[in-house]
Trainee: 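The structure follows.
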Amino acid sequence: MIRGALFDLDGVIVDTAKYHYLAWRRLAAELGFGFSEADNERLKGVSRMRSLDILLEVGGMQGRFSPQEKEEMAERKNGWYVEYISRMTPDEILPGVLPFLEEVRADGVRTALGSASKNTGIILARLGIGELFDAVVDGTMVSRTKPDPEVFLKCAALLGDVPAGECVVFEDAVAGIEAAHAGGMYGVGVGSPEVLKEADLVIPGFAGIEWTEIRNQLNTIRK
């Protein structure tokens, strides 16, 4: 029986990757070089400071800045990112997400959002969907990143100590599926089956997907 449904934010509920790219491109322009979408592919799943190092490599400027200067550049980039997401609208919620969440909750399943982003609160406020989650755990509340299961275990605890084996995690990243399994939870991949091959189930997105179908398939899998 599934009693808890846990959702990652970026790539599952909404796509904020484009705003990260705009902020990195703005920093590159300030430094005097171009930064393409192809260059940006190298930053996916990488920490902020490593992303900065890659960007500086693209511009041929590696080794030219002190650690303090690099920290200041990373903070400037994050400030621009926050500026962009502060203008988000509910129209940016990914297709099918709202009816899916409503169906999950109507089935008596508790919902939580588990994200590494420290800007989760801003995004939820802009999207106007905070009330659809019984608990929210973000990057300000955890010390370990995925594939460590800390974020999802905290979600389960905040849902009223729902047992991990009765929780399902919806994730678009390999590390997120690994975190779900490390925590003893089901992991449903949102995206490509070729990439998310370790997931218990994989869906392309939430458009046209019914919660009851997911629930019934998961109930045939023993955790």
Side-chain angles (χ1 to χ4, degrees), residues 7-89 91-94 113-127 136-152 170-179 189-192 194-198 204-205:
F7 297 81
D8 180 35
L9 178 61
D10 191 28
V12 175
I13 303 296
V14 67
D15 182 10
T16 61
K18 58 187 175 184
Y19 297 119
H20 282 294
Y21 169 59
L22 289 174
W24 284 122
R25 189 177 69 179
R26 184 171 171 180
L27 179 62
E30 185 180 83
L31 293 171
F33 61 90
F35 189 72
S36 69
E37 290 189 47
D39 294 326
N40 190 62
E41 286 295 311
R42 296 177 58 193
L43 308 190
K44 290 189 175 179
V46 175
S47 70
R48 186 189 303 175
M49 295 310 296
R50 177 56 189 147
S51 292
L52 175 59
D53 286 336
I54 293 171
L55 180 137
L56 293 175
E57 289 170 15
V58 169
M61 304 181 77
Q62 62 267 48
R64 288 179 50 179
F65 301 98
S66 69
Q68 182 178 344
E69 287 173 322
K70 288 169 66 176
E71 286 286 351
E72 290 171 354
M73 283 190 280
E75 283 302 313
R76 202 152 65 248
K77 176 268 172 182
N78 189 59
W80 291 329
Y81 171 71
V82 171
E83 175 188 321
Y84 296 143
I85 64 173
S86 296
R87 296 197 293 265
M88 291 179 72
T89 70
D91 291 341
E92 297 183 64
I93 299 170
L94 292 173
L113 190 73
S115 172
S117 172
K118 295 181 179 180
N119 299 302
T120 296
I122 296 172
I123 296 171
L124 285 180
R126 294 301 304 169
L127 300 179
V136 174
V137 177
D138 65 16
T140 67
M141 302 167 66
V142 294
S143 58
R144 298 182 296 277
T145 58
K146 304 167 189 175
D148 189 283
E150 181 185 15
V151 64
F152 295 134
F170 292 89
E171 261 282 359
D172 71 319
V174 172
I177 295 298
E178 291 176 351
V190 183
S192 166
E194 288 74 24
V195 175
L196 302 167
K197 59 185 70 174
E198 297 303 318

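Please read all numbers here as calculations on a predicted model, not as lab measurements.
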Trainee: With side-chain contact (heavy atoms from CB on, under 4.5 Å) as the test, would you mind laying out the steps for R42 and V58 before giving the verdict?
Mentor: CA-CA 10 Å; R42 296 177 58 193; V58 169; 3.8 Å; yes
Trainee: I need the R50 CZ to L52 CG distance, nearest 0.5 Å.
Mentor: 10.0 Å
Trainee: My understanding is that only residues two or more places apart in sequence, or in another chain, count here; which of them pass salt bridge (charged side-chain N to carboxylate O under 4.0 Å, His left out) with D15?
Mentor: none
Trainee: Determine whether E171 and F152 satisfy the following criterion, side-chain contact (heavy atoms from CB on, under 4.5 Å), listing intermediate values before the conclusion.
Mentor: CA-CA 11 Å; E171 261 282 359; F152 295 134; 3.5 Å; yes
Trainee: Carefully, step by step, assess M73 and E30 under the rule side-chain contact (heavy atoms from CB on, under 4.5 Å).
Mentor: CA-CA 10 Å; M73 283 190 280; E30 185 180 83; 5.7 Å; no
Trainee: Going by atom types alone, do Q68 and S66 pair a side-chain donor with an acceptor below 3.5 Å?
Mentor: no
Trainee: Report the distance from atom CG of D138 to atom CG of N119, rounding to the nearest 0.5 Å.
Mentor: 9.0 Å
Trainee: Could you measure the distance from the NZ atom of K146 to the OG atom of S115? Nearest 0.5 Å is fine.
Mentor: 6.0 Å
Trainee: Measuring centre to centre across the rings, with the benzene-like ring taken for any Trp, is Y19 within less than 6.0 Å of Y81?
Mentor: no
Trainee: Could you give the distance from CG (L31) to CG (L55), rounded to the nearest 0.5 Å?
Mentor: 7.0 Å
Trainee: Between atom CD1 of I54 and atom CE of M49, what is the distance when rounded to the nearest 0.5 Å?
Mentor: 12.0 Å
Trainee: For D148 and A179, which heavy atoms make the closest approach, and how far apart are they?
Mentor: O-CB, 3.7 Å
Trainee: Restricting to non-hydrogen atoms, name the atom on V142 and the atom on E150 that form the minimum distance, rounded to 0.1 Å.
Mentor: CB-OE1, 3.5 Å
Trainee: Does any N or O in the side chain of N78 come within less than 3.5 Å of the main-chain N or O of E75, such that one atom is a donor and the other an acceptor?
Mentor: no
Trainee: Given the rule in the salt bridge (Lys or Arg N to Asp or Glu O under 4.0 Å) test, do R25 and D39 qualify, once you have shown the distances and angles that lead to the verdict?
Mentor: CA-CA 10 Å; R25 189 177 69 179; D39 294 326; over 6 Å; no
Trainee: Let me confirm one number: the CZ-CD distance from R64 to Q62, rounded to the nearest 0.5 Å.
Mentor: 9.5 Å
Trainee: For the residue pair W80 and L22, establish whether any side-chain heavy-atom pair is separated by less than 4.5 Å.
Mentor: no
Trainee: Side-chain contact test, heavy atoms from C-beta onward, threshold under 4.5 Å: evaluate it for W24 versus R48 and give yes or no.
Mentor: yes
Trainee: I'd like a table of donor-acceptor pairs (distance under 3.5 Å, sequence neighbours excluded) in which one partner is a side-chain atom from residues 82-89, with atom names and distances.
Mentor:
| residue | atom | partner | partner atom | Å |
| --- | --- | --- | --- | --- |
| Y84 | OH | R26 | NH1 | 3.3 |
| S86 | OG | V82 | O | 2.6 |
| T89 | OG1 | D91 | N | 3.4 |

Trainee: Would you say the side chain of E72 lies within less than 4.5 Å of the side chain of K77, judging by non-hydrogen atoms?
Mentor: no
Trainee: Minimum heavy-atom separation for L94 and V12, please, with both atom names.
Mentor: CD1-O, 3.6 Å
Trainee: What are the two closest non-hydrogen atoms of L127 and V14, and how far apart are they?
Mentor: CD1-CB, 4.1 Å
Trainee: Do the non-hydrogen side-chain atoms of V137 and L113 ever get within less than 4.5 Å of each other?
Mentor: no
Trainee: Counting only N and O atoms by type, is there a donor-acceptor contact under 3.5 Å from the side chain of Y21 to the main-chain atoms of E41?
Mentor: no
Trainee: Please name all residues satisfying side chain to side chain donor-acceptor pair (under 3.5 Å) with R126, sequence neighbours left out, ordered by chain then number.
Mentor: none
Trainee: State, without any angle test, whether D10 and T16 hold a side-chain donor-acceptor pair at a distance under 3.5 Å.
Mentor: yes
Trainee: Taking atom CD of E198 as the centre, does the number of heavy atoms from other residues, nucleotides or ligands within less than 6.0 Å exceed 12?
Mentor: no
Trainee: Between F170 and I13, is there a side-chain heavy-atom distance shorter than 4.5 Å?
Mentor: no
Trainee: Run E71 and R76 through salt bridge (Lys or Arg N to Asp or Glu O under 4.0 Å) and show every step you take.
Mentor: CA-CA 9 Å; E71 286 286 351; R76 202 152 65 248; over 6 Å; no
